[in-house]
Visitor: 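Structure in structure tokens, see below.
Throughout, a chain's letter reflects where its sequence line sits, starting with A, and its residues are numbered from 1.
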There are 2 protein chains.
Amino acid sequence: MRESGPPPERFSGVERGERQDRPVAQEPVAQEPDSHARKDPLHVASLEKAFRVMGAFSSGRRDLGITEIAEATGLTKSAAQRFVHTLTALGYLERDEETRRYAPGIRLLDLGFLYLRHDALAERASPFLVAASERCGERVNLSEFDGSDIVYTFRIPKRTMGYINTVVGRRLPAFATSGGRAVLAALPEDEALRIVTQAERKALTPRTVTDVDSIMAGVADARRLGYAFTDSEILLGELAVAAAVLDHRGHPVGAVHISVSNGAWSEARVREDLAPLAMETAQTISRPGPSTRRRRE
Amino acid sequence: MRESGPPPERFSGVERGERQDRPVAQEPVAQEPDSHARKDPLHVASLEKAFRVMGAFSSGRRDLGITEIAEATGLTKSAAQRFVHTLTALGYLERDEETRRYAPGIRLLDLGFLYLRHDALAERASPFLVAASERCGERVNLSEFDGSDIVYTFRIPKRTMGYINTVVGRRLPAFATSGGRAVLAALPEDEALRIVTQAERKALTPRTVTDVDSIMAGVADARRLGYAFTDSEILLGELAVAAAVLDHRGHPVGAVHISVSNGAWSEARVREDLAPLAMETAQTISRPGPSTRRRRE
DNA sequence: CTCCCTTGTATTGCATTGCGATACAATGTG
DNA sequence: CACATTGTATCGCAATGCAATACAAGGGAG
């Protein structure tokens, strides 16, 4: 249900390493101008443009001026002006009166909340994730599978390796994360291969594995072991294990991640101690229900 | 900067108790039809309508049909059809092919993430919140002040009293929360009074205090003590203390909350042990910086 | 300090785009 | 099996959003 259909390209795309704050090249952030502009008579073009404006902010820069937005989105300055104006009036952008630049507004959290509060998977999982975190004393995360990405929906911070790793809503490519590989391992081989092949395999750290064969080897390992393991592929110095969460049909819908610092943990201990915990927790959450992610009203 | 300007009415409005799942009357969820439709030539009406559609989902129901959406928003069925269609194509709504009903899509989290990842207050606060939580073993939250509400931006779950109390992005009226009262106590008295008076003071539990004088008494207590205390006003059986976080000018921008169950804690112990921790943490975070909530690039 | 260049803001006439009434199809209910 | 209800498709009209352009306001460089 989620995985079918023409994947409406996500503006977030691959979030770069974050915090690694390189200048972030001024690339044309948003997708091709007329992506959806097929002759669909029900399609409201203004809406797509407005979201393209929001998408301009996913390139890493916090605030943007009108002209920058126009450039990043490919809209004319007039159009950018109008959409920014309206989005600001609605509270989804905030204007700094000093600099006359715009930044995402706190109102955006209302939208995320609309999803989260009815997220049956996160709701069902939350007590078990807390329990797991208390047992091992480390960061436990729940992610949900979406297209070729995973999206964190429940996170338990500990003595944290950086704020960004505690933020709900972060989207990462499946191929590079432990949770993603665990999910891929639970898919039919050809589908996993398709996802990995088609993904834009950009390295997030120097240690991100980007060639298809190596990734698929990691997926095979995960299939054999029941969990996936990664080392420094998203953040240098971070070890992670994850196990897939399945719906009633056995399809993967997300994963339970446990992440630790390689200062405190060796790979061996992570595999011995944490992997079973991740698997057990994922198992517990996996159970049945016709709709696994959403709460039936 | 945030608190000035005509408060663009929020569709989330006052989120009701949640989990208390009463039927949630089928009221006209969204705001008056033409709120912003002043003669502003830069205002694009389609956008506002689209967000009104999203707003229809803030009434508590998880999924809605086209007709329900049309009714809830005051749009014609045609308009509802078009916006729902487009929002679905963009991934912000998801369609259940079985029931042909629509629900908020996981893509919405991308939007929330746009705000959170550059939230300087949450970023700066996170390690101290984690430390505080480890010290007392209870749920520690950070909220940010917005208009007459507070919005949670960083939450540390423990053996949780319900999933909903762990969700980032939840918006609650300032008057009824400990954090909100702490914030109000840090405002000039007349401004606090104005906010409380103008708020739609709907009870979230039988124990929510809704009359202005009592609320202002609580605010006065908070001003005197340096922290606010509430008992069961949001959730029955929950005790909470909170202290305001100030920016470099001394204006309140948010609050540090600590919430516990009244089974495990008495009011006296909460006031003795947790209130100082909340105050200390808030103090630590408060510090300076020209823009407190946002990270300068 | 002042000029100039860049960036944000306001205006306007035009036609494209979104509009809503209505007709049609499909569910599932009595 | 018929009917009520809800979702889907069509279409002509004009309102709404469009882009070009003119104007104002900062902010560096010299």
Visitor: Let me see the working for A/H85 and A/R95 under side-chain contact (heavy atoms from CB on, under 4.5 Å), right down to the final yes or no.
Guide: CA-CA 9 Å; A/H85 179 89; A/R95 174 189 161 100; over 6 Å; no
Visitor: Taking all non-hydrogen atoms of both residues, which atom of A/L142 and which atom of A/A122 are closest, and how far apart?
Guide: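 The pair with the smallest heavy-atom distance is CD2-CA, 3.6 Å.
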Visitor: Using whole Å, report how far CD of B/Q81 lies from P of C/dA26.
Guide: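 These atoms are roughly 15 Å apart.
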Visitor: Could you give the NE2-to-C1' distance, from B/H85 to D/dG7, as a whole number of Å?
Guide: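 Between C1' of D/dG7 and NE2 of B/H85: 13 Å.
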Visitor: Using side-chain contact (heavy atoms from CB on, under 4.5 Å), reason through B/L93 and B/F57 one step at a time and then give a plain yes or no.
Guide: CA-CA 10 Å; B/L93 287 179; B/F57 291 92; 3.6 Å; yes
Visitor: Tell me: CD1 of A/I69 to C1' of C/dT9, nearest whole Å?
Guide: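 The answer, rounded to whole Å, is 14 Å.
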Visitor: Is there a side-chain polar atom (N or O) of A/T76 under 4.0 Å from OP1 or OP2 of D/dA19?
Guide: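 Result: yes.
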Visitor: Hey, is the side chain of B/R100 poking within less than 4.0 Å of OP1 or OP2 on C/dA25, counting only N and O atoms?
Guide: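 Checking C/dA25 against B/R100, no side-chain N or O comes under 4.0 Å of OP1 or OP2.
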Visitor: Could you check which of D/dA20, C/dG20, C/dG8 has an atom nearest any side-chain atom of B/S78?
Guide: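 Of D/dA20, C/dG20, C/dG8, C/dG20 is nearest to the side chain of B/S78.
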Visitor: What dot-bracket string describes DNA chain C from 5' to 3', counting Watson-Crick and G-U wobble pairs whose defining distances are under 3.5 Å, with [ ] for crossing pairs and | for pairs to another strand?
Guide: ||||||||||||||||||||||||||||||
Visitor: For B/E97 and D/dT8, give me the distance from atom CD to atom C1', rounded to whole Å.
Guide: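 About 13 Å, once rounded to whole Å.
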Visitor: Please lay out, stage by stage, how A/R107 and B/F51 fare under the test side-chain contact (heavy atoms from CB on, under 4.5 Å).
Guide: CA-CA 12 Å; A/R107 179 73 54 87; B/F51 283 114; over 6 Å; no
Visitor: Side-chain N or O of B/K49 less than 4.0 angstrom from OP1 or OP2 on C/dG18?
Guide: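 The answer is no; no side-chain N or O of B/K49 sits under 4.0 Å from OP1 or OP2.
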Visitor: From CZ of B/R82 over to C1' of D/dA15, roughly how many Å is that when rounded to an integer?
Guide: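 Result: 13 Å.
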Visitor: Rounded to whole Å, how long is the line connecting atom CD1 of A/I66 with atom P of C/dT6?
Guide: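 Between P of C/dT6 and CD1 of A/I66: 18 Å.
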Visitor: Between B/E71 and B/T67, does the side-chain contact (heavy atoms from CB on, under 4.5 Å) criterion hold? Intermediate values first, please.
Guide: CA-CA 6 Å; B/E71 282 167 2; B/T67 317; 4.2 Å; yes
Visitor: Heavy atoms under 4.0 Å, any strand shown: does A/T67 hit a base, just sugar-phosphate, or nothing?
Guide: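 Since only primed, P, OP1 and OP2 atoms lie under 4.0 Å of A/T67, the category is sugar-phosphate.
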Visitor: Separation of B/L93 atom CG from D/dG7 atom P, in whole Å?
Guide: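 For the pair B/L93 CG and D/dG7 P, the rounded distance is 14 Å.
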Visitor: Go nucleotide by nucleotide along DNA chain C from the 5' end; which of B/A45 and B/K77 gets its closest nucleotide reached first?
Guide: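 Of the two residues, B/A45 wins.
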Visitor: In the structure I gave you, are the side-chain heavy atoms of A/Y115 and A/V151 within less than 4.5 Å of one another anywhere?
Guide: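 Side chain of A/Y115 against side chain of A/V151, heavy atoms only: no contact under 4.5 Å found.
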Visitor: Using only side-chain N and O atoms of B/S46, determine if any of them is under 4.0 Å from OP1 or OP2 of D/dT16.
Guide: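 It does not, given that no N or O in the side chain of B/S46 lies less than 4.0 Å from OP1 or OP2 of D/dT16.
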Visitor: Give the rounded distance in Å between these two atoms: CD of A/E98 and P of D/dG26.
Guide: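 These atoms are roughly 11 Å apart.
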Visitor: Identify which nucleotide among D/dG17, D/dT8, C/dG20 has an atom closest to any side-chain atom of B/Y102, counting heavy atoms from C-beta outward.
Guide: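 Out of D/dG17, D/dT8, C/dG20, the nucleotide with an atom closest to B/Y102's side chain is D/dT8.
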Visitor: From C-beta outward on B/F83, which listed nucleotide comes closest to its side chain: C/dG20, C/dC19, C/dG8?
Guide: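 My answer, after comparing the listed nucleotides, is C/dC19.
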Visitor: Do B/R171 and B/D146 have side chains that get closer than 4.5 Å, going by heavy atoms?
Guide: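 A side-chain contact exists here, since the closest heavy-atom pair is under 4.5 Å.
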